[in-house]
Amino acid sequence: MAKELKELTSRSVNFSQWYQDLVIKADLAENSAVRGCMVIKPYGYAIWEKIQRQLDDMFKETGHVNAYFPLFIPKSFLSKEADHVEGFAKECAVVTHYRLKNSPDGKGVVVDPEAKLEEELIVRPTSETIIWNTYRNWIQSYRDLPILCNQWANVVRWEMRTRLFLRTAEFLWQEGHTAHATREEAEAEARKMLEVYAEFAENFMAVPVIKGVKSASERFAGAVETFAIEALMQDGKALQAGTSHFLGQNFAKAFDVTFATKEGTQDYVWATSWGVSTRLMGALVMTHSDDNGLVLPPKLAPYQVVIVPIYKTDEQLAQINEKVATIVSKLKELGISVKYDNADNKKPGWKFAEYELKGVPVRLAMGGRDLENNTVEVARRDTLTKETVSCDNIEMYIKKLLDDIQENIFKKAVDYRSQNTISVDSYDEFKEKIEEGGFIMAHWDGTPETEERIKDETKATIRCIPLAGDKTPGKCMVTGKPSAQRVVFARAY
RNA sequence: CGGGGUGUAGCGCAGUCCGGUUAGCGUAUCUGCUUUGGGAGCAGAGGGUCCCAGGUUCGAAUCCUGGUACCCCGACCA
């Protein structure tokens, strides 16, 4: 009758294990039979769909349209942009044959050696090459520009070690690929999409992010400039939550994409690309959740409210059903998604624990006492507090509560980040503080050599050079050479 | 690719060192009764290729050889 007891590893004892447990036990995802690939379960996918829809709306509002490009990329395409090859060629899945045949020994099937492909196909690790090869045919004149396409797709990167949502061999994402007539317009596009990502992260996921520029060594393979949003997880490690790249004319040159300008000359097209992935699900879990399970922001929760009846007799249940029905319809009128769980094969206590694990922001419980008093018990997931309130105008109360929760978990995350962001001026202090986790703001001389040395000695990387905030120049903490501004260091996922 | 670990019921594990009844425990599942304001209790039932192959032995989950899968740590990670 009762379900398997679900206990999570404590967050403070082993964050990594806690995360893994939680993703599995809250029914978000699980490892699949295929190495490094995950199965996203219905509950996890419901959250992903909310993320997708919201982002898609935001892309449309900024003038973008969706399209779809092939899963397979001819091997030769990948080698056309020199830096791009360097960055991606090593971790790809490759299709070498197009047919199987019955095994000669009668057991199963084998790859038919006759069916070897003339040119191997790469399962896309990202789509710049296939898209720019296509754009060449779409673009002749400045009148064809800009092209503002986005694609929702899966990509494959043969990572050596994987973790659910954070790094998987196959993952779902969106990739925007735009083409512009001028450098200025393309740069503005890359920055605009960074803003869209930051707004989404903060206003919908309630995950505070730092917007910044990547250092040369962390830059996307083939980009001129990479912008990123960086978030801080509850264990003090950083997570890159989204990137937007200004690609210059690199891909246009590699794929020979030129256009006739207003002035009648020929010029290469300017490009951007930008993406966020199912990794956002990992960020969501690692930012807000606690030892009782997920904590979902109301704006992304598949159910914002769950209602649990507590009853002794069928008559009592019937009364509660009736009362709850009116509450449900009033909540729905306000656009609040609600689930009434009156299944009689689970006990109330079991349901309470289960919906906490699933991160439902608000739980209402109604029992005999409430029927008599015209009240309902309201429990909020973020603070784990309960209070009994009148059923009159309950819908307005809930609406406001959902807004409060959205705001509160964001504020909590912002506070956590402030408490774990420090400035240091000496390398010795840096080495000491990096052990405690968090963001460290420090001066850096701008050279890859110093960056590399810091990484080797401390495992910390430059997460980004922040676009906003303190721009005071100083001296590099390692070499003492001039530094334009402080940059963000952290150990990262 | 290097180092370590594990494979026994749906899930989690004990048993393996030191071979020996019918392979066991928790949980889940099913049945019945009692329960229901924070993951219910009691009673009963079903469920096994002990990862695979070979070897040693009167006898192998246990010992030996080979294979295989998965996990952890490292290297790697636009």
Side-chain angles (χ1 to χ4, degrees), chain A residues 1-8 14 16-17 20-21 24-25 30-36 78 81 83-92 124-129 155-164 166-169 171 173 175 214-228 239-240 242-245 247 250 273-277 279 292-293 308-314 316-317 320 342-358 363-373 375-377 379 384 386 388 455-456 459 461 491-493:
Chain A
M1 190 65 78
K3 262 245 177 180
E4 187 182 347
L5 201 67
K6 294 186 175 174
E7 274 181 24
L8 288 173
N14 185 338
S16 172
Q17 191 66 50
Q20 182 91 0
D21 273 11
I24 292 169
K25 287 179 178 162
E30 63 189 19
N31 285 307
S32 74
V34 183
R35 193 208 79 98
L78 272 187
E81 211 291 327
D83 291 334
H84 197 65
V85 189
E86 188 62 30
F88 279 109
K90 296 161 196 162
E91 51 183 33
C92 292
R124 62 181 168 218
T126 179
S127 304
E128 274 78 5
T129 55
V155 287
V156 170
R157 296 177 189 180
W158 214 259
E159 302 288 356
M160 293 176 186
R161 245 177 96 189
T162 60
R163 292 164 63 89
L164 291 169
L166 299 180
R167 176 167 292 110
T168 45
F171 56 92
W173 76 346
E175 44 180 329
K214 285 284 177 184
S215 65
S217 59
E218 297 274 326
R219 196 179 285 153
F220 176 75
V224 173
E225 193 96 282
T226 289
F227 301 95
L239 183 73
Q240 178 177 300
T243 50
S244 178
H245 316 289
L247 302 173
N250 292 348
S273 68
W274 27 274
V276 295
S277 70
R279 175 181 262 200
N292 290 323
V308 177
I310 299 164
Y311 56 94
K312 292 192 167 65
T313 62
D314 284 351
Q316 204 173 28
L317 175 60
I320 294 172
N342 63 352
D344 63 357
N345 57 359
K346 303 280 196 310
K347 299 190 58 173
W350 190 91
K351 292 176 186 173
F352 292 174
E354 181 67 10
Y355 291 115
E356 264 162 34
L357 180 64
K358 293 273 176 78
R363 183 188 69 235
L364 305 183
M366 183 173 287
R369 294 204 298 264
D370 298 301
L371 278 180
E372 285 174 24
N373 303 327
T375 57
V376 65
E377 182 188 80
L384 291 169
K386 301 189 281 201
T388 302
K455 186 179 177 183
D456 287 347
K459 290 183 184 168
T461 51
R491 287 185 180 152
Y493 278 100

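Bear in mind the structure is a predicted one, so any value in this text is a computation, not a measurement. Residue numbers start from 1 in every chain, and the chains themselves are labelled A, B, ... in the order their sequence lines are given, proteins ahead of strands.
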Inset, instruction - Identify which nucleotide among rG38(B), rG37(B), rG39(B) has an atom closest to any side-chain atom of Arg363(A), counting heavy atoms from C-beta outward. - result: rG38(B)
Legend entry - Flag, side chain of Arg279(A) to backbone of Gln240(A), donor-acceptor distance under 3.5 Å: yes
Inset, instruction - Among the candidates rG39(B), rU36(B), rG38(B), find the nucleotide nearest to the side-chain atoms of Glu354(A). - result: rG39(B)
Legend entry - rG26(B) to rG47(B) separation - C1' atoms, rounded to the nearest Å: 15 Å
Legend entry - Length of the CD1-C1' vector between Ile310(A) and rG37(B), whole Å: 4 Å
Inset, instruction - Quickly work out the Asn342(A) CG to rU36(B) P distance and round it to whole Å. - result: 18 Å
Inset, instruction - Would you mind telling me which residue lines up with the more 5' stretch of RNA chain B, Gln20(A) or His245(A), judged by nearest nucleotide? - result: Gln20(A)
Inset, instruction - Measure from NZ on Lys346(A) to P on rG37(B) and round the result to the nearest Å. - result: 16 Å
Legend entry - Nearest-Å distance once atom P is located in both rC17(B) and rU31(B): 42 Å
Legend entry - Interatomic distance, Tyr355(A) OH vs rG37(B) P [rounded to whole Å]: 16 Å
Inset, instruction - State, to 0.1 Å, how close Ala492(A) and Thr461(A) come at their nearest heavy-atom pair, and which atoms those are. - result: CB-OG1, 4.3 Å
Legend entry - Lys/Arg-Asp/Glu bridge criterion (N-O < 4.0 Å) met for Glu377(A), Arg369(A): no
Inset, instruction - Would you mind reading off the distance between Asn345(A) atom CG and rU36(B) atom C1', rounded to a whole angstrom? - result: 13 Å
Legend entry - Gap in Å between the two P atoms, one belonging to rU68(B) and one to rC52(B), rounded: 15 Å
Inset, instruction - Could you give the distance separating rG7(B) and rG44(B) at their P atoms, to the nearest angstrom? - result: 31 Å
Inset, instruction - Figure out the NZ/C1' separation between Lys358(A) and rG39(B), and round it to whole Å. - result: 14 Å
Legend entry - Rounded distance in Å between the P positions of rC25(B) and rC33(B): 27 Å
Inset, instruction - Determine the interatomic distance between C1' on rU49(B) and the same-named atom on rA61(B); round to the nearest Å. - result: 12 Å
Inset, instruction - Using the closest heavy atom to pick a nucleotide of RNA chain B for each, name whichever of Glu218(A) or Glu377(A) lands nearer the 5' end. - result: Glu377(A)
Legend entry - Residues that Thr129(A) engages under side-chain hydrogen bond (donor to acceptor under 3.5 Å, both in side chains), provided they are two or more places apart: none
Legend entry - With sequence neighbours excluded, residues passing side chain to side chain contact (heavy atoms under 4.5 Å, CB included) with Asn342(A): Pro309(A), Leu317(A), Asn321(A), Tyr340(A)
Legend entry - Any donor-acceptor N/O pair, His245(A) side chain to Thr226(A) backbone, under 3.5 Å: no
Legend entry - N/O donor-acceptor pair under 3.5 Å between Lys25(A) side chain and Gly293(A) backbone: no
Legend entry - Arg363(A)/Glu356(A) under side-chain contact (heavy atoms from CB on, under 4.5 Å): CA gap, chis, key distance, verdict: CA-CA 9 Å; Arg363(A) 183 188 69 235; Glu356(A) 264 162 34; 3.1 Å; yes
Legend entry - Rounded C1' spacing from rC50(B) to rU6(B) in Å: 14 Å
Legend entry - Sugar-phosphate, base or nothing in reach of Gly368(A), heavy atoms under 4.0 Å: base
Legend entry - side chain to side chain contact (heavy atoms under 4.5 Å, CB included) partners for Ile310(A), two or more places apart: Pro348(A), Phe352(A), Ala365(A)
Give me, pair by pair, the N or O atoms of the protein and of nucleotides 75-77 of chain B that are less than 3.5 Å apart, along with how far apart they are.
unit_1, atom_1, unit_2, atom_2, d
rC77(B), O2, Arg167(A), NE, 2.8
rC77(B), O2, Arg167(A), NH1, 2.3
rC77(B), O2, Arg167(A), NH2, 2.3

Inset, instruction - Let me have RNA chain B in dot-bracket notation, would you? Count Watson-Crick plus G-U wobble pairs, both distances under 3.5 Å, and use [ ] for pairs crossing earlier ones and | for inter-strand partners. - result: ((((((((.[[[[.)....(...]]]].((((((.....)))))).....[[[[[..)....]]]]])))))))....
Legend entry - Spacing of Thr375(A) atom OG1 and Met366(A) atom CE [to the nearest 0.5 Å]: 7.0 Å
Inset, instruction - Please measure how far the P atom in rG55(B) lies from the corresponding atom in rA69(B), and state the result in whole Å. - result: 23 Å
Inset, instruction - Give the rounded distance in Å between these two atoms: NZ of Lys312(A) and C1' of rA40(B). - result: 14 Å
Inset, instruction - To the nearest Å, give me how far apart CD (Glu30(A)) and C1' (rC70(B)) are. - result: 15 Å
Inset, instruction - Tell me, please, which residues at least two apart from Ser16(A) pass side-chain hydrogen bond (donor to acceptor under 3.5 Å, both in side chains). - result: Arg163(A)
Inset, instruction - Classify the nucleic acid contact of Arg369(A) as base, sugar-phosphate or nothing, counting any heavy atom under 4.0 Å across all strands shown. - result: base
Legend entry - Any donor-acceptor N/O pair under 3.5 Å between rG37(B) base and Lys347(A) side chain: no
